[in-house]
Amino acid sequence: MKQKGGVPLPDGLIRFRIRTHILTEKDDPVKVVQRYVLPIARPGDVVTISESALAITQGRAILPSTVKPSLLARFLCRFPNPEGSLATPEAMQLAIKEAGPTRILLACAVAALGKLIGRRGDFFRVAGHGLALIDDIAGTMPPFDRHIVLGPRDSQDVVNRIKAQTGIDAMVVDINDKGCVDILACSLDYPPELMRWLQNQLRDNPLGNDDQQTPIMLLRFVTQGK
Amino acid sequence: MGTHSPVLLNVWASHTPESSLVCMELTDKAEVRSRQPEPHVLLAELGGVLCLMHPDRIRVLDGLIHHLEVQVKDDMTVVVVNCEVPIVQPRVLVREGQPFQLCLQLNRQPVIFPKPFGPIIIDPACGGRIKGARGPINLIEKKLNLDVARYLGAILEQHNVKISFTRDSDVDVTKEARLLMAKKAGAWAMITLAMGSSKDGAERGTRVLYSISAKDSLALAKEIHVALIERLGIPDRGISPSKEYRSPFVWVRIEPVVLTNKQDEAMMRSPTFKERIARAIVNGLLRHVRQREMPQ
């Protein structure tokens, strides 16, 4: 076992990716874990769920045709990167609904000022990280590639429920193909060094971003000599 | 918690220009028996293995493997590999470790481009002052054509196909200049990448046009069209003849979406979607090449 700043780190990580059925709003994440993970889990294992899959089970995959963009949304959507996830009136309208118009306007103002001095990312810092999780159409695998998928709600609640009802620790993760790993919620209170180590282990995006259909993964820490 | 039998968790496929790989991920060591009940079909039988993953049909469409099926029969888990051509020299590879991986390696010799092959001229339509169609929100055709062209070029180069571009940046290139480039290069085929457009905002889907003056253009168009419909899952606008280029070489114009449609425009925001377009085109090309003997 390695040590970093006094915190013992595992020697390795086994990643069991599990191909599930296509999860929909009819699925309960606890039942999904019970079906696909419980039979193979061991004490000390942690199950990860992708944030977009969790959001879909919460009914947060929205068909653009059901969204009526406001004038504000139509105006503001011109400013983000044209290929970004808030570049359409419908996605921007959902962002406004999530964060509130005042906060969105403040975020735009701060972002505009930030751009003048070469800073990036101020919009999401002010509007809220949840908006960065929004996936526009084609950002998720079929059949939800026709939907705008918002970020999940109450992720901490979900992981706590999974732990309580299955005995397995859980975390909700957002990983992209650019090596960014975000742990949105975790049922365990890991030390920061261990959390950083874990993020490094997941940078290659083992869950995949295309149609791999592996929204859950069981992690097993490896300690030499055990 | 826990089970003592090996458990199948995931099945996926990948490929290099030389081989396709079907990988079965398990919790523990297991054995596989492979057999070929038909020339195009390979079965991997995993006795004594519990199937925890969702038994499914998995689309692969890599030019060799069409799809996989995971089936559970009595106490046997079977992975069925369905290929587009007869399977040659399948091998079983074992990757010890966690997860334990049993892999089927399939030789891609039947589906590689003959060597040397090409040149294929990749022609991203529009460019420079000619912006092309504009989506209802903000996407512009000329950039999207170049994006797809780059993916296509990269994949064809991985297949050792000789390629060149009529433009590889945002510049004006006349039709005559493009045709001349292709003729000078001794093109085997020119593939024009474009976006459809329509005054009817509801119109969407994939269309492939072909040159009426060049033999084999229709045959190539048909294969690429089928591959696009298979891979993209969007409406079919069919195949149409075109007089755009009077060329001695094969020419097709591919319009994967109608950019003036909101939903089609949204699809084109996704890098994954653009790459899928390119891979589908390569699959279509491969199928066409298999149908005939190509000049060396």
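Numbered from 1 within each chain, the chains take letters A, B, ... in sequence-line order.
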Side chain / backbone / both / neither for Q98(B) at chain A, heavy atoms under 4.5 Å: both
For L139(B), is it the side chain, the backbone, both or neither that has a heavy atom under 4.5 Å from a heavy atom of chain A? side chain
Check whether any side-chain heavy atom of [X] lies under 4.5 Å from a side-chain heavy atom of [Y], and answer yes or no.
| X | Y | value |
| --- | --- | --- |
| P39(A) | V7(B) | no |
| T214(A) | N10(B) | yes |
| R78(A) | I137(B) | no |
| M267(B) | D145(A) | yes |

Can you name the nearest heavy-atom pair linking [X] to [Y], along with the distance?
| X | Y | value |
| --- | --- | --- |
| M53(B) | Y36(A) | C-CE2, 4.2 Å |
| L9(B) | R17(A) | CB-O, 3.5 Å |
| Q263(B) | R146(A) | NE2-CD, 2.9 Å |
| A87(A) | R269(B) | CB-NH1, 3.9 Å |

Please indicate whether Q165(A) has more than 12 foreign heavy atoms, meaning atoms of other residues, nucleotides or ligands, lying under 6.0 Å from its CD. yes
Tell me, yes or no, whether the heavy-atom count around L116(A) atom CG, taken from other residues, nucleotides or ligands under 6.0 Å, exceeds 12.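 Yes, the 6.0 Å shell around CG holds more than 12 heavy atoms from other groups.
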Under the salt bridge (charged side-chain N to carboxylate O under 4.0 Å, His left out) test, residues paired with K262(B) that sit two or more places apart: E90(A)
Side chain to side chain contact (heavy atoms under 4.5 Å, CB included) between V11(B) and R19(A), worked out: CA-CA 8 Å; V11(B) 176; R19(A) 188 176 174 102; 5.8 Å; no
Euclidean distance, F16(A) CZ relative to L26(B) CG, rounded to 0.5 Å: 10.0 Å
Under the criterion side chain to side chain contact (heavy atoms under 4.5 Å, CB included), which of L218(A), I14(A), I40(A) is the partner of T27(B)?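 Among L218(A), I14(A), I40(A), the one meeting side chain to side chain contact (heavy atoms under 4.5 Å, CB included) with T27(B) is I40(A).
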Region of T88(A) that comes under 4.5 Å of a non-hydrogen atom in chain B: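 Both parts, backbone and side chain.
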Part of R35(A) lying under 4.5 Å from any heavy atom of chain B: both
Table please: side-chain donor-acceptor pairs of residues 144-155 of chain B below 3.5 Å, with sequence neighbours left out.
unit_1  : atom_1 : unit_2  : atom_2 : d
N145(B) : ND2    : A125(B) : O      : 3.0
N145(B) : ND2    : E141(B) : OE2    : 3.2
N145(B) : ND2    : L193(B) : O      : 3.4
D147(B) : OD1    : K143(B) : NZ     : 3.4
D147(B) : OD2    : K143(B) : NZ     : 2.9
D147(B) : OD2    : K274(B) : NZ     : 2.8
R150(B) : NH2    : D168(B) : O      : 3.0

